[in-house]
Amino acid sequence: MKLSFSAQDETFREEVATWMGENLTGEFAQMRYRGGPGDEHVFVEERKAWERKLHGGGWTCIGWPEAYGGRGATIEQQVIFNEEYARAGGPGRMGHIGETLTGPTLIAYGTDEQRERYLPGILRGEDFWCQGYSEPSAGSDLANVKTRAIKDKDSGQWKISGQKVWTSLAHESEYCFVIARTDSESVGNKGLGFFLVTLDQPGVDIRPIQQMTGTSEFNEVFFDEAVCADSDLVGAPGDGWKVAMGLLGFERGVSTLGQQMLFQNELDEIVRLAKVNGASQDPALRQRIADAHIGLRIMRYNSMRMLSGGGDDGSLQKEAMIYKLYWSSWHRNLGKLAMDVMGPESEVLDAAPYELSRLQAMYLFTRADTIYGGTNQIQRNIIAERALGMPREPRG
Amino acid sequence: MEFSFTEEQQMIRDTARSFLAEVSSSAAVRGVMGSELGYDPDLWQRVCKELYWPAMHIPEAYGGLGLGYVELVATLEEMGKHLFCSPFFSTVCLGANAVLLAGTETQKQQILPQLIDGVTASVAYTGASRRSDCASVEGIWERTADGYRLDGYWRYIPNGHSADVLIVAARTPFSTGPDGISLFVVPSDTPGLERNYLPTMDETRKQAEVYLRDVFLPEDALLGEADQAGQSGECLEKLIALAAIAVAADQVGVAQESLDSSVAYMQERVQFGRVIASYQALKHKAADMMLKAEAARSALYYAACVADEALRGGPLGEELLEAASIAKAYCSDAAFFNAGCGIQLHGGVGFTEEYDIQLFFKRAKSAETLLGNAAWHREIIASQLLDGEVMGL
Ligand SMILES: Cc1cc2nc3c(=O)[nH]c(=O)nc-3n(C[C@H](O)[C@H](O)[C@H](O)COP(=O)(O)OP(=O)(O)OC[C@H]3O[C@@H](n4cnc5c(N)ncnc54)[C@H](O)[C@@H]3O)c2cc1C
Ligand SMILES: Cc1cc2nc3c(=O)[nH]c(=O)nc-3n(C[C@H](O)[C@H](O)[C@H](O)COP(=O)(O)OP(=O)(O)OC[C@H]3O[C@@H](n4cnc5c(N)ncnc54)[C@H](O)[C@@H]3O)c2cc1C
């Protein structure tokens, strides 16, 4: 075991920190620590401009191979980039989905034409993407999607009809990757296709959904014979499930250390508050604050193990399956802790009609952490079945 | 960064696993745990002379193998998993560590080879106290013309009734906290030494009480240089931290085996026409247990890397007390949670003497209490975080 980074990596760390220090200034300074989960509705245009700034410094898509405009950065370097980015207060990345989901998917499963068409826009911070998986009847049970894609005999184009829901940032995106049924007779994970859909067209209607936070980050997306070129189908008709699942495996948790920096930042604020308002003298709260600190340190060690322990093919070891359940549960507890440390002040908003402080917004948003990206119950099913070998859930 | 076992470390763990599967079966554990000694002395000699476990993290200069704390915790984890009954913890994690931290070069040369060779040891520091830090030291030492006089009562001493060599922490009269503390080597035949076995709920881990009544010790009984007498508080603090990491390793083993044996049981037990492993309520409990076991392991491995640098020098060594408290707090809760759930998942048989899960449940609790429970260690972390100056005001 070796916990330190190489000298080369440390030089890289300095490079990132210096660049962030010199560039997250001026018009961008107001966005420091903003735009993260639960706060994604703020500074949208500014954050898009920031993506282009990042590209100017060569800091978008660093994990992509050089052939596609990335840096071919090692796992360690990606970890370091995410850490230093978050440490400097870098704003929530608008380009996140394109960089970490669309890009790697196209690199692995796409055609040259698809790569040439879509990767440069992601790289340059010009095109933004959203994820069209969930539907009203396909949440945890993703394979139950009903959205249909029918190939028009004359034009050879696909026509997509159906409804997606909870589509984060669809209203700010150029493109959406959509799972839809290419074989209308099929059920479950067979007969699906993975489509790259342009959102700015008559067949697509995007309607924001208001969240319990009072803000809108996600949407309903209605497709009514929305058009998609045959060349924008990734893989063959019927390959959709394979591509969709492959995509979920790409991220490999490199951004998690950056996420942890945000968590650390929230915890620091709670600790500071506790010292100021006297909560630090309450024995029960002392225990919980210490527990939060311990939990966050261990989250870091979990991810270090996860990033060190996988196979050469990027596959993860069984213990990586606990990761989502661990951080979502930890963060949800942190939200409650924040409120309890604030005490009576926790009820009082920053302003009418419903302006939440950062910790209040965090508290409410943590209730989504245990739902999106696979609910805690689904995570437990996965752990029990795939890591512990217990029998699979029966299907209705 | 490579936060995973090397091939050699995996080999050491696998060797420990297969050896313990053979010599520390349920029947073997039950065969020795009822006795006052609490372990098989022949087996202990094999552990020392065939497997060299006590030599593992001792530097080669003192006859050791010169491996690190990571190898040590990998082995201790297996001991927890197999409920191993032995004087390993008291001899190596307390005794040898005390000598490594506080002893003079001569003392290391003299004592460590003996401990490697099968002589057993333990460290007595705490009085009849709830505490687990230096403040729990109540026994007294004073200078005499040609050595030292010790007097006092020590309790909860691991293997204290049987250890060949007892290392005792005592303080100068009226000193408090880490001040005035020294460590002394007390041979088992010292006049005025009385040691009594304390029967315990967890029979796999033995404890004793120790009386020193007006005991006179020669100059060289003091661990460390004579002119440093009374200044070993910091060594004791580090010793407690290193030993707490060792206990955490045992706890990870307990947490893992509580999970593994419960899953195995659930895969066989049929109720309502299905194996009970198919019920989601039980699957989810098992998933939570796996989360605890894996997170505990992460905390442990990190702490082991820190312990390595604390012993050999290195920047991470600074984090020793924090890393030990993090590991001991989390692993204590994880082992107890998993063993407790384990009984529940076994149903009625979990409550019987016959099934081993009750032994894990008891070992989880004794390990939790040993060297500070989770709440104790969380309070240590809390005081680091909360009792300093307010930053940024
Ligand atoms: C903030 C936020 C952002 C999101 N962004 C996106 C996005 O960008 N793109 C996208 O496609 N989706 C997105 N989602 C959707 C998200 O992936 C789904 O909400 C999630 O998969 C759960 O599906 P559901 O809401 O339909 O709940 P359901 O699946 O109906 O679950 C309801 C409850 O039943 C439980 N449950 C369901 N099945 C089982 C089972 N087999 N065993 C035990 N318990 C079960 C669940 O755990 C949950 O507690 C987002 C969601 C949120 C909250
Ligand atoms: C101290 C003691 C005294 C007792 N005294 C008596 C007595 O006097 N007379 C008598 O007749 N019995 C007695 N019992 C037996 C007791 O009623 C049973 O132990 C109890 O009903 C559980 O059954 P089991 O032990 O076979 O466990 P199992 O039924 O095998 O259960 C094992 C585990 O599986 C879980 N489980 C089982 N089925 C399901 C399911 N469908 N969904 C989710 N989880 C499930 C259980 O909750 C448990 O965690 C006693 C038990 C004890 C411990």
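These numbers were taken from a predicted model, which means no experiment stands behind them. Here is the naming used below: chain letters follow the sequence lines, and residue numbers restart at 1 for every chain.
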A:Y301 side chain reached by B:Y301 side chain, heavy atoms, under 4.5 Å: no

B:D288 vs A:L325 side-chain heavy atoms within contact, under 4.5 Å: yes

Criterion side-chain contact (heavy atoms from CB on, under 4.5 Å) on B:E322 and A:H293, from CA distance to verdict: CA-CA 11 Å; B:E322 189 194 4; A:H293 175 83; 2.7 Å; yes

Contact class of B:I380 relative to chain A, heavy atoms under 4.5 angstrom: neither

B:V306 portion near chain A, given a 4.5 angstrom heavy-atom threshold: neither

Under 4.5 Å from any heavy atom of chain A - which part of B:E379: both

Under 4.5 Å from a heavy atom of chain A, the part of B:A299 involved: both

Pairwise distance OG(B:S278) to CZ(A:R392) - rounded to 0.5 angstrom: 14.0 Å

Pairwise side-chain contact, A:R286 with B:R378, heavy-atom cut-off 4.5 Å (strictly under): no

side-chain contact (heavy atoms from CB on, under 4.5 Å) assessment of A:I298 paired with B:E294: CA-CA 10 Å; A:I298 294 178; B:E294 290 300 339; over 6 Å; no

Sub-4.5 Å side-chain heavy-atom contact between A:S280 and B:D387: no

B:Y302 and A:R297, any side-chain heavy atoms less than 4.5 Å apart: yes

Interface moiety of B:R274 toward chain A, non-hydrogen atoms closer than 4.5 Å: neither

B:R312 atom CZ, over 12 foreign heavy atoms within 6.0 Å: yes

Spatial distance of atom OH (A:Y326) from atom NZ (B:K292) [nearest 0.5 Å]: 9.0 Å

Distance, nearest 0.5 Å, that separates CG of B:L291 from CE of A:M321: 13.0 Å

A:E319 (side chain) donor-acceptor with B:S298 (main chain) under 3.5 angstrom: no

Note, B:R297 side chain near A:R305 side chain (heavy atom, < 4.5 Å): yes

Any donor-acceptor N or O pair under 3.5 Å, side chains B:H284, A:Q379: no

Close contacts, residues 381-388 of chain A versus chain B, judged by heavy atoms under 4.5 Å: A:N381, A:I383, A:A384, A:E385, A:A387, A:L388

From CE (A:M390) to CG (B:L282), nearest 0.5 Å: 6.5 Å

Part of B:E309 within contact of chain A (heavy atom distance under 4.5 Å): neither

Under 3.5 Å: donor-acceptor pair, side chain of B:E2, backbone of A:L3: no

Test: A:E393 and B:K283 ion pair at under 4.0 Å: yes

